[in-house]
Protein chains: 2
Amino acid sequence: MLHSLIQLLNLLMSEVTLKKLAGMLQLSISTVSRALKDHPDISIETKTKVKELSVLLDYEPNTFAINLRSNHCKEFGIIVPTITNDFYQSFISSLENEVRQYGYSLIILQSGDDPIIELANLKLCKQNRMAGIFVSITSKTTDINNFLKLDEHHIPVIFFDKVPSFEACNKVCVADEAAADMAAKELMLKKKKNILSIFGNPELLITQKRLKSFEDTVSGYGLSTQLYIHYALSSDEAREITMNSFKKVIKPDAIFCMTDEILMGVMKAIQQLELRTPQDVGVIAISDGFKPTLYYPEITYIETSGFKLAKLAFARMLACLGGSSYAQELRIESIVVSGGSL
Amino acid sequence: MLHSLIQLLNLLMSEVTLKKLAGMLQLSISTVSRALKDHPDISIETKTKVKELSVLLDYEPNTFAINLRSNHCKEFGIIVPTITNDFYQSFISSLENEVRQYGYSLIILQSGDDPIIELANLKLCKQNRMAGIFVSITSKTTDINNFLKLDEHHIPVIFFDKVPSFEACNKVCVADEAAADMAAKELMLKKKKNILSIFGNPELLITQKRLKSFEDTVSGYGLSTQLYIHYALSSDEAREITMNSFKKVIKPDAIFCMTDEILMGVMKAIQQLELRTPQDVGVIAISDGFKPTLYYPEITYIETSGFKLAKLAFARMLACLGGSSYAQELRIESIVVSGGSL
DNA sequence: AAGCTTTTCGCAAACGTTTGCGAAAAGCTT
DNA sequence: AAGCTTTTCGCAAACGTTTGCGAAAAGCTT
């Protein structure tokens, strides 16, 4: 009696392991291991004894040992330029919820839009033998061979949002062309004639796709619509572009904002100019859907949901882990959310 | 020659390990291990041979094995109600940058403001033997014993922002009282008489502290200032409160917003009511600093920087890992950022 | 009752590191 | 040249799991 009490005390001092459980129960480690996993070789009596003690002592298997044995862990990495962005935020939030349901964890890695750091993060994912990674590349990433190499190591790589143009890889995107097309159609329906069109970084594939689609749709209508195309790399640049546009003789009757960031700059300018939407100028954006609700009237936007995209990305990841090897490009459809600003 | 070529091919097929390196170099595993770590026992010639081959074959130590051996890993967990919040976003972004510099990774765990999930996340951190965790508790978390238990397992716990009232734990906060006090002073300086004061969840310690300090400061001035105290749990509630307040006979001449979320609702109401700041109504907020720049004129706010708080939290974490055991409550000072809305 | 099958468990190796200790070889002392 | 120190390396155990295989005990068959 005293003896087992001392044993118990010793146990409470340190970590509970299979070996300790086995020692107390006078069983072998393998039997304890199998009992806890309901292996058919073990008798009911032994199983209950083992399980009772393991609950009593709050036994928790050592993840490190399990990882070493199985040579993989239940962690995903996500590499983004920065998490301070509504779209990524909702993507990450949604993704974290998904992976948790499946017993995985999510490690965030910011590249700061720097390919060097991106590469370092990638290496970390490889070294930590992550179960898979999600990547939104930097605007300067040209070489994606390092990403493809991970695929060889059986670490699936899912690109999302900002994806490389290379074809043989897994990509999930919002409907770039379709979203720009929808925005253009909305503007045409309202018979807008002078449209200030502000796009993001022209080096990104997403910008090029959206611009082309936008222009094509507008010219497809064959109306005498004038597009004033600008690129803004920041909210502040968008604000200045807007301010300058309204100093001109021909003032825009509508503004198209390719991103939330641009929308923010545009709206600030509109407040500064004391313009009213939609009377003085119409506004439409492509957005995750949060920023447009900040204004009154709410901004009409084409929704590109980070939440939905994360679900799609995770589904694709599961498929890859399940053995689906051939690369796919998936996209989610957009919808128009009318807010009264157009 | 052919023999070593075959060896090389075999190696490229599978993972490179110390054993494989040792086999190719006709050395023992221990010698290879020590050579790579510049152990003084190993000769220069051996070291260079080992290192050259390891670079050639792109050897990367197996993290799982290292973790098992050392019984700890280089990962921190961060548990927050949700990451979709400017303050947490900048906190996490900043924290990720910090931990990366020190070779750590960051795992995000959202509780969804649910104590059950929070507990599950906590257990995960314990099971994965994380190096330490950062926690902002849910509004319903009452029992923090489970957190304290981690401390016994030598996993430091740093509470931030939403912290428990229990004293003997590590806490880093923004200057709750001081921030509310500063906001009150700004309002008094502008001689505001009817102040709509909207606070967050009244169950949170942070709300209680700010409210008390705010009221104390205002009454300390001894002026005939009227405070209209309200609580808003969402942006939309704040909007409605504001809308209703301006339907009253006595209209507010200033609005105090305890959080970004509240500010957003208030500003939307202001746009809807077509009021101008600061002429028609003054606005001041406690904020991380991003949202206030969205409006024109920019909102005057008391800065509670997530960036700075993250740096402080990480410094405290490092101290804990370094052996500092006694619990501390740390806070960062706030500053007033004038934007022209008051 | 002898031989067979089933039940129940333990041995031992393996995953890839790190590290205390010992031992051989080399260089040094007097 | 014998004994000593230094240099250089390998053996073996350990971290905590999982799992193939074998073996003892028990129950069954005819």
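Lettering follows sequence order; numbering is per chain, from 1. We use all heavy atoms of the structure for the numbers below, so side chains are in, but hydrogens, waters and symmetry mates are not. Note that the structure is predicted; figures quoted are calculated from it, not measured.
For A/K149, there are no salt bridge (charged side-chain N to carboxylate O under 4.0 Å, His left out) partners, not counting sequence neighbours.
Judged purely by atom type and a 3.5 angstrom limit, B/S33 has no side-chain atom pairing as donor or acceptor with the backbone of B/I29. The backbone N or O of B/L150 lies less than 3.5 Å from no partner atom in the side chain of B/K126, so there is not a single donor-acceptor pair. Under a 3.5 Å cut-off, the side chain of A/S93 and the backbone N or O of A/S90 do not form any donor-acceptor pair.
Residues A/C125 and A/I155 share a closest heavy-atom pair of O-CD1, 4.2 Å. Of all non-hydrogen atoms in B/V163 and B/V172, the two that sit nearest each other are CG1-O, 4.2 Å.
For the residue pair B/T138 and B/D114, no side-chain donor N or O sits within less than 3.5 Å of a side-chain acceptor on the partner. A donor-acceptor contact closer than 3.5 angstrom is absent between the side chains of B/D113 and B/T82.
Taking atom CG on B/L36 and atom C1' on D/dC9, their separation rounds to 15 Å, with Å as the unit. Rounded to a whole Å, the CG atom of A/D38 is 15 Å from the C1' atom of C/dT8. Going from atom CD of B/Q26 over to atom C1' of D/dC9 covers 14 Å, rounded to whole Å.
Residue A/T46 is in sugar-phosphate contact alone, with no base atom involved, counting any heavy-atom pair closer than 4.0 Å across all strands shown.
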Write out a two-atom table: protein N or O, nucleotide N or O from nucleotides 12-21 of chain D, distance below 3.5 Å.
{"from": "D/dC15", "atom 1": "OP2", "to": "A/K19", "atom 2": "NZ", "distance (Å)": "3.4"}
{"from": "D/dT17", "atom 1": "OP1", "to": "A/Y59", "atom 2": "OH", "distance (Å)": "2.9"}
{"from": "D/dT17", "atom 1": "OP1", "to": "A/N62", "atom 2": "N", "distance (Å)": "3.4"}
{"from": "D/dT17", "atom 1": "OP2", "to": "A/L18", "atom 2": "N", "distance (Å)": "2.9"}
{"from": "D/dT17", "atom 1": "O5'", "to": "A/Y59", "atom 2": "OH", "distance (Å)": "3.2"}
{"from": "D/dT18", "atom 1": "OP1", "to": "A/K37", "atom 2": "NZ", "distance (Å)": "3.0"}
{"from": "D/dT18", "atom 1": "OP2", "to": "A/S33", "atom 2": "OG", "distance (Å)": "2.8"}
{"from": "D/dT18", "atom 1": "O4'", "to": "A/R69", "atom 2": "NH1", "distance (Å)": "3.2"}
{"from": "D/dT18", "atom 1": "O3'", "to": "A/R69", "atom 2": "NH1", "distance (Å)": "3.3"}
{"from": "D/dT18", "atom 1": "O2", "to": "A/R69", "atom 2": "NE", "distance (Å)": "3.3"}
{"from": "D/dT18", "atom 1": "O2", "to": "A/R69", "atom 2": "NH2", "distance (Å)": "2.7"}
{"from": "D/dG20", "atom 1": "O6", "to": "A/R34", "atom 2": "NH2", "distance (Å)": "2.7"}

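Stem analysis of DNA chain D (at least three stacked-register Watson-Crick or G-U pairs, each with both distances under 3.5 Å) gives C:1-30 with D:1-30.
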